[in-house]
Amino acid sequence: MSIQSNLNTIKATLPEHVTLVAVSKTKPVSDLMQAYEAGQRIFGENKIQEMTEKWEQMPKDIQWHMIGHVQSNKVKFMAPYVTLIHGVDSLKLLQEINKQALKNNRTIDCLLQIYIAEEESKFGLDENELNELLTSAEFKELKNIRILGLMGMATFTEDQNQIKKEFTHLKSIFDSIQKSQDIKDFTIISMGMSGDYQLAIECGSTMVRIGSSIFGGR
Ligand SMILES: *Cc1c(COP(=O)(O)O)cnc(C)c1O
């Protein structure tokens with residue numbers, strides 16, 4: 001199957017309110033260009049250096065999403081161009097993003113990553129930490145970032161009930177934040193990858209991050 005036909009097949013199944021992030025990590029620019037030529041404009045990468053190299057080489061109407069874990073000292077490399085940072089999981093990182101956004105005279109959109117899986121290895125905040133962050137005085141000072149929603153990754157398992165439970169948990173945290181906090185433009189729930197995006201959409205996802213089903217295995 002070609003990248004173009006994979007992309008078209010997936011897009012045909014997505015409801016209109018769900019945004020597709022084409023996860024192109026480790027793939028060459030020539031593969032990304034095939035997706036671009038098929039109309040895809042949102043790409044997700046998990047390494048800042050790799051994303052920046054691709055940004056330099058590719059058309060400038062592409063929206064670049066950072067979906068991986070972000071180290072504070074590397075934020076400056078993507079600050080001039082990144083569209084959305086999915087994996088923000090600390091106030092310290094938000095402060096650095098705000099600082100670099102200010103330097104570039106722009107506002108940078110972020111999602112806060114929530115820990116929903118049962119695996120030790122996944123990053124993210126729990127619900128208490130999230131509430132603490134959003135109500136802190138330090139957070140309210142940050143004028144060059146916007147929090148557009150939440151992101152989460154389910155446990156890597158075949159157990160659909162487990163995955164469903166985790167996605168539903170993220171959706172319920174999102175709903176309670178939307179109700180209790182006055183955050184403008186808080187609309188995105190980024191959850192779902194190649195193996196579980198249909199389930200994620202059933203559970204309320206508004207943004208899916210799909211790699212291998214578009215570009216093939218890595
Ligand atoms: C790699 C990656 C994806 C895409 O995974 P696929 O299974 O290839 O669709 C989605 N989200 C994150 C955070 C990733 O690192």
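Quick caveat, the model's predicted, so the values are computed rather than measured. Counting starts at 1 for both ligands and their atoms, following the listed order.
Applying the salt bridge (Lys or Arg N to Asp or Glu O under 4.0 Å) rule to D185 yields the partners R146; only residues at least two apart in sequence or on another chain are considered. Under the rule for a side-chain hydrogen bond (donor to acceptor under 3.5 Å, both in side chains), T206 has no partner lying at least two apart in sequence or in another chain.
Salt-bridge check for E50 with K25: failed, with every basic side-chain N at 4.0 Å or more from each acidic carboxylate O.
In the model, T13 has no side-chain atom that pairs as donor or acceptor with a side-chain atom of Q198 under 3.5 Å. Of the N and O atoms on the side chains of R209 and S190, at least one donor lies less than 3.5 Å from an acceptor on the other residue.
Pairs passing the ring pair (Phe, Tyr, Trp, His ring centres under 6.0 Å) check and including a residue from residues 1-26, sequence neighbours excluded, do not occur.
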Pairs under 3.5 Å, nitrogen or oxygen of ligand 1 with protein nitrogen or oxygen:
unit_1	atom_1	unit_2	atom_2	d
ligand 1	8 (O)	S212	N	2.8
ligand 1	8 (O)	S212	OG	3.0
ligand 1	8 (O)	R218	NH1	2.8
ligand 1	8 (O)	R218	NH2	3.0
ligand 1	9 (O)	S194	N	2.9
ligand 1	9 (O)	S194	OG	2.5
ligand 1	9 (O)	G211	N	2.8
ligand 1	11 (N)	R209	NE	2.8
ligand 1	15 (O)	K25	NZ	2.7

